[in-house]
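Only one structure is covered here, and it is reproduced in the block below.
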Amino acid sequence: MSEIRYVRGDATAPQGKGVKLIAHVCNDMGGWGKGFVLALSRRWPEPEAAYRRWHRQRAGNDFGLGAAQFVQVGPYLWVANMVGQRGTRTGSKGVPVRYEAIDTALASVAEQALELGASVHMPRIGCGLAGGTWSRIEPLIATRLTSRGIDVTVYDHD
C-alpha cells in the first residue's frame, strides 16, 4: 500500500517520472472559471474544452455527479475532470462538495491510473470552492487509490 505524499508546489507541474494523471473536481453545472481549473486552463486548453463539450452533450453521455473524464494533455500526462460538486454555491443543502460523487469518480481514476501505469497528482480536491474537508476526502483517496498501490501526490500551493 502506498501513502499519500504531500508537497509544496503546483499540481499542474507534477513531480516525478513516468505517466502522470492530474485529478481535480468540477461542478455539475458546466461552469469552469474559478479555482484550480484556472491554473489548468493557463497551461492547456484541452481540459476545459473537453469538459464544456461533455457538459453540452450531457443528454447523450455519462456527465453527472460521480463521472470522470480523462483528457490527454501531453505524451505522458493526463487530466481527470471529476464531477464532484453540486452547483457552485453554498445554499440550503449545504456546501457544493458531494463526497459520494468524489468517491465514485476516484474509483474511475484508479482504473485509468492502473491501465496507464500512472501516478496521480492533485491539489486538495473538494476542499477549496467546493467547501469540503480534507479529513473526509483523504480516506477516500486512501481507499480508492493508495490501497491499490497507486502513488498519489497532493500539492499545497505556496
Side-chain angles (χ1 to χ4, degrees), residues 1-58 60-85 97-130 132 134 137-138 140-157:
M1 183 166 127
S2 302
E3 293 210 351
I4 299 172
R5 190 168 77 99
Y6 292 90
V7 299
R8 284 220 166 281
D10 180 356
T12 68
Q15 303 171 9
K17 294 192 179 347
V19 180
K20 297 176 200 71
L21 196 149
I22 300 168
H24 73 104
V25 170
C26 307
N27 64 64
D28 65 350
M29 293 175 41
W32 182 290
K34 286 187 175 165
F36 183 71
V37 298
L38 293 178
L40 285 173
S41 291
R42 276 194 294 275
R43 248 184 227 277
W44 309 283
E46 299 92 348
E48 177 180 359
Y51 170 79
R52 290 189 185 282
R53 189 169 46 253
W54 189 31
H55 177 262
R56 218 176 21 256
Q57 299 169 354
R58 65 191 176 280
N61 65 39
D62 67 343
F63 183 93
L65 286 170
Q69 177 190 52
F70 301 95
V71 184
Q72 191 165 11
V73 295
Y76 304 101
L77 189 59
W78 295 73
V79 172
N81 292 330
M82 302 187 303
V83 184
Q85 66 180 78
V97 71
R98 294 295 178 268
Y99 297 107
E100 320 73 46
I102 291 174
D103 186 46
T104 301
L106 284 170
S108 299
V109 166
E111 293 307 317
Q112 186 76 3
L114 290 168
E115 196 174 299
L116 295 169
S119 55
V120 176
H121 303 260
M122 64 182 73
R124 290 192 187 233
I125 56 169
C127 296
L129 297 170
W134 191 245
I137 302 274
E138 189 181 44
L140 304 177
I141 294 166
T143 300
R144 295 296 185 177
L145 301 171
T146 58
S147 71
R148 298 183 70 186
I150 299 165
D151 289 331
V152 175
T153 304
V154 173
Y155 296 77
D156 287 314
H157 206 270

Subject >> Side-chain heavy-atom pair Ile141, Met122 within 4.5 angstrom cut-off >> reply: yes

Subject >> Atom pair CG/NE2 of Leu21 and His121 - distance to nearest 0.5 Å >> reply: 8.5 Å

**OP:** Step through it carefully: locate the ring centre of Trp32, locate the ring centre of His24, and say whether they are under 6.0 Å apart.
**Re:** yes

Original post:
Would you say Tyr99 has more than 12 foreign heavy atoms packed within less than 6.0 Å of its OH?
Top reply: yes

Original post:
Should the pair Arg124-Asp156 be classified as a salt bridge under the 4.0 Å nitrogen-to-oxygen rule?
Top reply: yes

Mind listing the side-chain donor-acceptor pairs of residues 102-110 below 3.5 Å, one per line with the distance, residues two or more places apart or on another chain?
residue	atom	partner	partner atom	Å
Asp103	OD1	Arg144	NE	2.9
Asp103	OD2	Arg144	NH2	3.1
Thr104	OG1	Glu100	O	3.0

Original post:
Using 4.0 Å as the upper bound for N to carboxylate O, is an ion pair formed by Arg53 and Glu46?
Top reply: no

Original post:
Which heavy atom in Leu77 sits nearest to a heavy atom in Trp44, and how many Å separate them?
Top reply: CD2-CZ2, 3.4 Å

**OP:** Give the intermediate values and the outcome of side chain to side chain contact (heavy atoms under 4.5 Å, CB included) for residues Ile4 and Glu138.
**Re:** CA-CA 9 Å; Ile4 299 172; Glu138 189 181 44; 3.7 Å; yes

Subject >> Reported CG-to-CZ distance for the pair Asp10 and Arg42, which is rounded to 0.5 angstrom >> reply: 8.5 Å

**OP:** Of all the heavy-atom pairs spanning Cys26 and Asn81, show the shortest one and how long it is.
**Re:** SG-CB, 3.8 Å

Original post:
Are the side chains of Trp134 and Cys127 in touch, meaning some heavy atoms are under 4.5 Å apart?
Top reply: yes

**OP:** Considering non-hydrogen atoms only, spot the tightest contact between Val97 and Gly126 and give its length.
**Re:** CG2-O, 3.8 Å

**OP:** For the residue pair Val7 and Gln15, establish whether any side-chain heavy-atom pair is separated by less than 4.5 Å.
**Re:** yes

Original post:
Would one find more than 12 heavy atoms of other residues, nucleotides or ligands at under 6.0 Å from atom CD of Glu3?
Top reply: no

**OP:** Any chance you could lay out the side chain to side chain contact (heavy atoms under 4.5 Å, CB included) test for Glu111 and Arg148, step after step, and finish with the verdict?
**Re:** CA-CA 10 Å; Glu111 293 307 317; Arg148 298 183 70 186; 2.7 Å; yes

**OP:** Specify the closest pair of heavy atoms between Ala67 and Asp62, including all atoms of both residues, with the distance to one decimal.
**Re:** CB-O, 3.2 Å

Original post:
Are any non-hydrogen side-chain atoms of Val25 and Phe36 less than 4.5 angstrom apart?
Top reply: no

Subject >> Verdict with supporting geometry, Val79 and Phe70, side chain to side chain contact (heavy atoms under 4.5 Å, CB included) >> reply: CA-CA 6 Å; Val79 172; Phe70 301 95; over 6 Å; no

Subject >> Side chain to side chain, Ser41 and Arg43, heavy atoms closer than 4.5 Å >> reply: no

**OP:** For residues Leu116 and Trp78, determine if any side-chain heavy atom of one lies less than 4.5 Å from a side-chain heavy atom of the other.
**Re:** yes

Original post:
Less than 4.0 Å between a side-chain N and a carboxylate O, is that true for Asp28 and Arg58?
Top reply: no

Original post:
Do the ring centers of Phe63 and Trp54 come within less than 6.0 Å of each other?
Top reply: yes

Subject >> Check: Asn27 and Tyr51 side chains under 4.5 Å, non-hydrogen atoms >> reply: yes

**OP:** Taking all heavy atoms of Ile22 and all of Thr12, pick out the closest pair and write down the distance.
**Re:** CD1-CA, 4.1 Å

Subject >> Side-chain heavy atoms of Pro47 within contact of Val73, under 4.5 Å >> reply: yes

Original post:
Looking only at heavy atoms, what is the nearest atom pair of Ala11 and Pro123, with distance?
Top reply: CB-N, 3.8 Å

